[in-house]
2 protein chains.
Amino acid sequence: MNSPHFSTKERILGAAEELFARNGFAGASLRELTATAKVNLAAVNYHFGSKDNLVNEVFRRRLDELSAQRLHLLQSVLAKPKPTLEEILAAFIHPALLLSLDKSGGATFVRVLARAYAEHNERLRKFLSENYGHVLKEFAAAFGAQLPHLDKEELYWRIDIIAGALTYAMADFGVIKRRAAMSEKIHRERAAEHLIRFAAAGLRAE
Amino acid sequence: MNSPHFSTKERILGAAEELFARNGFAGASLRELTATAKVNLAAVNYHFGSKDNLVNEVFRRRLDELSAQRLHLLQSVLAKPKPTLEEILAAFIHPALLLSLDKSGGATFVRVLARAYAEHNERLRKFLSENYGHVLKEFAAAFGAQLPHLDKEELYWRIDIIAGALTYAMADFGVIKRRAAMSEKIHRERAAEHLIRFAAAGLRAE
DNA sequence: GGTAAAACCAAACGACCGTTTGAATCATAA
DNA sequence: TTATGATTCAAACGGTCGTTTGGTTTTACC
């Protein structure tokens with residue numbers, strides 16, 4: 001990931017993703033980060049201006065495509081004559097699954113994403129809300145059309161629980177460990193299947 | 001919470017809970033913490049030995065009772081002739097709800113609990129697993145007896161998702177904000193009801 | 001090949017961190 | 001009242017942090 005044929009900026013972003021996932025944003029120091037990326041300590045401030053801005057760029061590098069994929073899939077589903085709840089959920093979950101299978105750091109980034117949920121960093125939340133908040137809004141509208149029996153408050157509760165559970169599950173936060181014989185791909189695909197089935201049942205309940 | 005009629009140790013524990021919830025364990029400094037508690041900087045190391053041990057004691061103060069309540073409720077439910085899935089879930093969720101309604105920092109502690117899930121702090125995880133791991137094991141066995149059609153792997157997936165979603169929801173991590181007119185108590189009780197219904201449907205699915 | 005911009009680098013800055021020290025103060029029992 | 005142990009306190013220690021500086025090297029273009 002940090003091979004010499006990558007540019008300095010790319011090596012910094014790769015090392016940042018890895019260390020943010022492992023140690024959190026405050027817990028990852030620029031000294032360890034620049035040593036991992038094999039660049040000078042001052043390179044972060046030279047190329048990104050500050051550590052805070054580096055955090056933003058780590059998210060932008062992945063979320064632009066993740067959000068585009070989710071919205072594109074959602075539009076495909078909503079264009080169908082009779083979209084199902086499972087299809088809408090899949091539009092949300094499947095791009096995250098693909099990202100977690102990405103060969104160059106995608107799985108790591110999903111863990112960084114979970115960090116962002118957990119840390120109530122106001123500055124980061126504002127950045128994410130301003131740049132990617134519209135995606136969640138569109139999914140909320142799609143779910144609402146599928147579940148007219150739920151009032152707005154009830155619907156928000158359930159979507160909220162799903163978003164938290166999805167983040168938790170995709171980041172492999174829990175205790176479960178795949179058997180060594182099971183490939184990472186199958187492991188994650190089963191996770192997504194379980195989550196979709198689980199979430200759809202929970203959304204339809206009552 | 002930090003009134004002068006509380007002992008130095010109690011004032012430190014109260015301030016620690018508050019600042020750990022707001023800033024995380026590494027993000028809360030002993031200088032800000034002792035200033036909040038109105039005690040001398042050296043008091044933490046004098047009474048608790050180290051910051052790490054203070055973190056442990058913040059958890060012990062609440063988790064001893066939370067775990068006892070959960071196990072007691074679980075035993076009551078399992079003693080019934082026909083325990084339901086909802087009742088087992090309630091045995092897990094309801095004590096956390098009660099804690100979140102506690103007048104003296106319980107709601108704050110639930111947010112600290114969510115921090116512990118999110119931060120992959122190996123030292124803290126070991127402490128929690130050694131002291132409270134048996135609680136989760138007993139609940140897993142109870143769920144397994146209720147869901148014989150699920151193999152062990154499938155069951156663990158679903159329990160894992162529930163534990164994550166519970167932590168997420170109870171800590172009020174999400175975007176939803178209760179209306180000002182709705183009391184905190186009703187807000188939390190509805191959250192627990194929703195979560196139980198949601199989780200039961202997800203566990204029963206397929 | 002000369003030149004201006006871009007990139008890189010070692011070193012240092014000031015700030016904050018957890019912890020330790022040793023003396024001052026308090027409580028309590030003889 | 002005096003002696004003793006528990007507690008509190010201001011001050012300092014060594015270390016790590018993000019950031020800045022000023023000079024050196026590399027790159028790109030006429």
Side-chain angles (χ1 to χ4, degrees), chain A residues 1-59 61 112 115-116 119 121-124 126-127, chain B residues 1-59 112 115-116 119-124 126-127:
Chain A
M1 176 183 310
N2 299 322
S3 313
H5 59 85
F6 284 105
S7 74
T8 296
K9 285 181 82 162
E10 284 166 339
R11 291 214 305 284
I12 290 174
L13 285 171
E17 196 167 64
E18 210 164 295
L19 292 181
F20 289 163
R22 182 157 42 204
N23 303 324
F25 304 106
S29 78
L30 291 187
R31 282 170 176 79
E32 183 182 6
L33 197 157
T34 51
T36 302
K38 295 195 202 316
V39 302
N40 185 271
L41 168 62
V44 168
N45 283 277
Y46 176 77
H47 285 285
F48 296 95
S50 68
K51 184 183 180 181
D52 275 351
N53 200 56
L54 170 62
V55 174
N56 290 352
E57 292 308 311
V58 165
F59 279 94
R61 184 171 66 144
V112 176
R115 288 274 191 187
E119 299 192 12
N121 185 322
E122 209 47 56
R123 193 200 55 78
L124 179 56
K126 191 181 173 197
F127 170 82
Chain B
M1 178 182 311
N2 299 322
S3 313
H5 60 86
F6 284 106
S7 74
T8 297
K9 284 181 84 164
E10 284 166 338
R11 292 213 306 283
I12 290 175
L13 286 170
E17 195 167 64
E18 208 164 297
L19 291 181
F20 290 163
R22 184 159 41 207
N23 303 324
F25 304 107
S29 78
L30 291 187
R31 280 169 177 81
E32 183 182 4
L33 197 157
T34 51
T36 302
K38 296 196 202 315
V39 302
N40 185 270
L41 169 61
V44 169
N45 284 276
Y46 176 77
H47 285 285
F48 296 94
S50 69
K51 184 183 180 182
D52 276 351
N53 199 58
L54 170 62
V55 174
N56 290 352
E57 294 307 313
V58 166
F59 280 94
V112 176
R115 288 274 190 186
E119 299 193 10
H120 280 219
N121 185 322
E122 209 47 56
R123 191 201 57 76
L124 179 56
K126 191 183 173 198
F127 170 82

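Here is how names work: the chains are called A, B, and so on, in the same order as the sequence lines, proteins then strands, and each is numbered from 1. Just so you know, these numbers use all the heavy atoms, side chains as well, and skip hydrogens, waters and symmetry mates. As the structure is a prediction and not an experimental result, all values here were calculated from the model.
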Exercise for the section: Verify the contact: side-chain N or O of Thr8(A) to OP1 or OP2 of dC8(C), cut-off strictly under 4.0 Å; return yes or no. Expected result: yes

Completion exercise
Residues passing the salt bridge (charged side-chain N to carboxylate O under 4.0 Å, His left out) test with Arg22(B), sequence neighbours excluded, are none

Exercise for the section: Check whether any side-chain N or O of His47(A) sits under 4.0 Å from OP1 or OP2 of dC8(C), and answer yes or no. Expected result: yes

Problem - Side chains of Ile12(B) and Val39(B) in contact at under 4.5 Å (non-hydrogen atoms) - result: yes

Practice task
Measure from CZ on Phe48(B) to P on dG18(C) and round the result to the nearest Å.
Solution key: 15 Å

Exercise for the section: Starting at CG of Leu41(A), measure out to CG of Leu30(A) and round the result to the nearest 0.5 Å. Expected result: 6.5 Å

Completion exercise
Contacts of Glu57(A) meeting salt bridge (charged side-chain N to carboxylate O under 4.0 Å, His left out) (sequence neighbours excluded), chain-then-number -> Arg60(A)

Problem - Any Asn45(B) side-chain heavy atom under 4.5 Å of Lys51(B) side chain - result: no

Exercise for the section: Would you mind building the protein contact string for nucleotides 13-29 of chain D? One character per nucleotide, 5' to 3', B for base within reach (heavy atoms under 4.0 Å), S for sugar-phosphate only, - for untouched. Expected result: ----BBBBB--------

